[in-house]
Every structure is written in C-alpha cells, then in structure tokens.
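Okay, handing you the structure first.
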Amino acid sequence: MSKQVQAIRGMNDCLPKDSGLWQYVEQQLRQTVASYGYQEIRFPIVEMTELFKRSIGEVTDIVEKEMYTFSDRNGDSLTLRPEGTACCVRAGNEHGLLYNQEQRLWYMGPMFRHERPQKGRYRQFHQFGLEAFGIASSDIDAEVIRLSAHLWQQLGLSRHVRLELNTLGSPEARQQYRAALVAYLSDHHELLDEDSKRRLHSNPLRILDSKNPALADLLSKAPSLSDYLDTESAEHFAELQQRLTAAGIEFEVNPRLVRGLDYYNKTVFEWVTDSLGAQGTVCAGGRYDGLVEQLGGKPCPAVGFALGMERLILLLQTLELAPAEQAQADWYLMASGLDAELALIPVAEQLRQAFPQQRLMQHCGGGAMKKQFKKADKSGAELALVLGSDELASDSITIKWLRKDQPQQRIALTGLVSFLQNELAKE
Ligand code: ATP
Ligand code: MG
C-alpha cells in the first residue's frame, strides 16, 4: 500500500457525524441575522497582502507572524485571509456600497492563521462575521451586541457566556494615553518580559492584554485609558451602556480589553466563556470608524464582530447543548429484482417532489431483502417502502415500520401520497 497523504496540521475535516451540528449552527445564525435585517456578502479567500498590512496593522500578531502569505506566479504578494473585516471593507469600497449609505452585512467562511494548533485554535478556522456601516451613534453598537445576545439565546448559551466591554476612545485620546503608558512602562523597563519589551514602542497597548502573571501587578498600576478618554467617546460609551442595560443585557467593563487589531476605536467587546479553557473568547468585535477611509474610501463609521465557529460548536458539545444527531434517512425504499426496481424509481421521484422535507434513500447494490432491511435499519429510517413481485403485480407497495411495533401494510400506489401525508400528520 502506498503512503497516505495527511491533512495539513491545524486544518480540520468536518465529518458527517459533525456536519449536522455545523448546519444547525449556521441555520441559527442565518435566521438571527435575517431577523435583524442583515444581508450576506461573500468575498474571496485570497486578497492582496497589502490589504491586511494596512488594516490589521504591521505590528500586530496576525501580520507579524500568523499570515499565510505567498507570491503568485506573476510576483504579487497574496495572503489567505486571516479575518473578514478588511475584506468586507475592501469589497464595500470597490463596489461603492459604503459612500453615503448604510449597510448591514454578514459573512461566513474559512480564515487562515499560522498559530500553534490546540483546542479551539486552528490554522484553518471559520468565522461568522457581521459589519454595520454608515451609522456613528451607539444605537447600532447596541444593536450589534443585542444581535449576538439573541443568538446565544437561540442556541441556549445565554447562561454560559458573559460580555466584556471597553472603549478605546478617539485615535487622539489613544495617542495621548499611549504616550503615558509608554512613559510608565519605560520607567519599569526591567520588569517587562521579552514580548512586552518588543511591543513597548511598536504596539504598547497590547501589553495590557498580556497573559503573563508576572506582569499583573505592574499592569494593574498602569495609567488607565479611561483617564484619557475624549468627551465624545465617553458619552458614546455611557449611552451604549444605557442602551444595553435597557435591553436587559448584562456586561462588565474591562478597562484592559484592547483587542489585537489596530483598526478599532471607541467600543470594543468580547463574549467570553469559562467552559473552553484558554480559548475562551467566542465572539469579539468593536467600532472601526477610520478603517474605510484608511483603505481608500470616503470616511464611513462602522462597527462589527466576528465569532469563531469552532469555538461555538465546541461549546455546544461541551455543554451537551447540541441537538441529537439526525438519522441519515427518514424513509428507505427497496425493491426485489430489476422489474420492481424500475417500477420503484418513478415512485421515489414522485415522493421526493411531494415530500421535499423528507429524506428518501433508495437501496442500491441489489441483494436479498434481508440484506436490504439491514441497510434500511442502519440508515436510521422510520419506514421501509418495499416493492416486490406481489406489489408489482398489484400496483401497490408495502410499508413497514422499522422503529415501532405496528403491522406492515400494503397500499395501492395511487393512494401512497395521501397515506404518507396522514402518517406524517400523526407525528
Ligand atoms: P484570540 O485572542 O483567541 O487569539 P483573536 O483576538 O485573535 O482571538 P479575532 O481576530 O478577534 O480573534 O477573531 C474573532 C474570533 O475568531 C475569536 O474570538 C475566536 O473565537 C475566533 N478565532 C480567532 N483565531 C482563531 C483560531 N486560530 N482558531 C479558531 N478560532 C479562532
Ligand atoms: Mg489571535
């Protein structure tokens, strides 16, 4: 036997035993965004590398060390998208969706980051993302957060996630704060770890995010961004909190929440769970009023979030909130002999048209009835519809219940649809 080629580390297959759960979550997501009036946008998986450098920021973890970048045959530097917001803004600018307009958009699909694979952290993972463009007031921040809260409700997760909230203020306020933070941390340079020393001048706010316990004391005494906040951002934040409270959404203000991407201003938030260990952030987002202009468009306020599908699905599995696995088929159709099989085909197609919600599996591969019944059983079907020589001679079909004790029944083909309609109505 020749050696098997393996999948790339950190890039997972989604097997049939799990795809039902993925579809369930996707369905809940689609329903939720539709009920808030958001429309789907799709963009390519590969973009010019420059797009991510200019948006996410040159000195962020993603751009510094996590991107899958390669040169195209003509020498362009391309990157597998590590996130969707930059792509969404690029597409919005390119197609004139953002100038002087409001857009409520969502997207879903694979993202790529070269990180150390572990539970809840992969190299190909999937995000569901949402972006609202053209509205500067905090009512839309609140809507975006309410939408996510609605989703937790739909999935039965409300008790298992909590909302952390912060404001990063205006770029100017952040600049002033940054200077104060750098001054403070420079005074204590000897206490910083290697990562933080490296970030001190490139991306000092990210030091606040450090998980290193040795830095906890130093960071707890650091100047706080809230002391540098501009009036407008402070008001925006106060209003947002008021709106969330009125909507009955609990939150905790976390002054250390800064997020890892450069483009945020004002509102930032994360939905966090304690049930997934270190990879506890299920959904994260915020406002990015400057990004559209930064990527070449006219100024356009924006707010959005992205949620990690794998983490969401892991959470549902961990908490045993995933719906029961579905059987492969509802009805299993079988025939004995070629003539019966030929007669069964139009019946099968007629039933599929009459019952589009039912999953009909027709036996293939021949064999004795006993073998066919074994397959029917394995498919999980409730009913077997059997066409043998007796049935063929009398234009009828036999129905057998596979999961309950009920005598089988021979039905005339002309009455089959209405018989099955009655059966379904009983459920
Ligand atoms: P983390 O702090 O966990 O690295 P992040 O801040 O890099 O997350 P974002 O870029 O904000 O994450 O992406 C939004 C969401 O996408 C995260 O909250 C998480 O649920 C999910 N996510 C991010 N990176 C990965 C990954 N490598 N594997 C699986 N899910 C991920
Ligand atoms: Mg990350």
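Counting from 1, the numbers follow the sequence of the chain as shown. Start at 1 and go down the list; that is how both ligands and their atoms are numbered. Nothing here was measured: the structure is a model prediction, and the numbers come from that model.
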Practice task
In plain terms, say whether E143 and R104 are close enough for a salt bridge, that is, a side-chain N and a carboxylate O under 4.0 Å apart.
Solution key: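 So E143 pairs with R104 through a salt bridge.
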Practice task
Step through it carefully: locate the ring centre of H126, locate the ring centre of W22, and say whether they are under 6.0 Å apart.
Solution key: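 Ring centroids of H126 and W22 are less than 6.0 Å from each other.
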Exercise for the section: Establish, from distance only, whether the side-chain atoms of T167 and T267 form a donor-acceptor pair under 3.5 Å. Expected result: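 No, because no side-chain N or O of T167 sits under 3.5 Å from a partner of the opposite role on T267.
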Practice task
For E131 and T85, test the side chains for any donor-to-acceptor distance below 3.5 angstrom and give the result as yes or no.
Solution key: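 A pair is found: one side chain offers a donor N or O, the other an acceptor, under 3.5 Å apart.
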Practice task
Give me the ring orientation class for F305 and F128: parallel if the planes are under 30° apart, tilted from 30 to 60°, perpendicular past 60°.
Solution key: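 Ring orientation, 0 to 90° scale: tilted.
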Note down each nitrogen or oxygen pair, ligand 1 side and protein side, whose separation is under 3.5 Å; give only atom names and the distance to 0.1 Å.
from: ligand 1; atom 1: 3 (O); to: R121; atom 2: NH2; distance (Å): 3.1
from: ligand 1; atom 1: 3 (O); to: R311; atom 2: NH1; distance (Å): 3.0
from: ligand 1; atom 1: 3 (O); to: R311; atom 2: NH2; distance (Å): 3.1
from: ligand 1; atom 1: 4 (O); to: R121; atom 2: NH1; distance (Å): 2.8
from: ligand 1; atom 1: 4 (O); to: R121; atom 2: NH2; distance (Å): 3.3
from: ligand 1; atom 1: 6 (O); to: R259; atom 2: NH1; distance (Å): 3.3
from: ligand 1; atom 1: 7 (O); to: R113; atom 2: NH1; distance (Å): 2.9
from: ligand 1; atom 1: 10 (O); to: R113; atom 2: NH1; distance (Å): 3.1
from: ligand 1; atom 1: 10 (O); to: R113; atom 2: NH2; distance (Å): 2.7
from: ligand 1; atom 1: 11 (O); to: R259; atom 2: NH2; distance (Å): 2.3
from: ligand 1; atom 1: 13 (O); to: Q127; atom 2: NE2; distance (Å): 3.0
from: ligand 1; atom 1: 16 (O); to: Q127; atom 2: NE2; distance (Å): 3.1
from: ligand 1; atom 1: 18 (O); to: T281; atom 2: O; distance (Å): 3.3
from: ligand 1; atom 1: 20 (O); to: T281; atom 2: O; distance (Å): 2.9
from: ligand 1; atom 1: 20 (O); to: V282; atom 2: O; distance (Å): 3.2
from: ligand 1; atom 1: 20 (O); to: G308; atom 2: N; distance (Å): 3.3
from: ligand 1; atom 1: 27 (N); to: E115; atom 2: OE2; distance (Å): 2.6
from: ligand 1; atom 1: 27 (N); to: Y122; atom 2: O; distance (Å): 2.9
from: ligand 1; atom 1: 28 (N); to: Y122; atom 2: N; distance (Å): 3.0

Exercise for the section: Report the residues that fulfil side-chain hydrogen bond (donor to acceptor under 3.5 Å, both in side chains) with E47, sequence neighbours left out, ordered by chain and then residue number. Expected result: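 Listed in chain order: R90.
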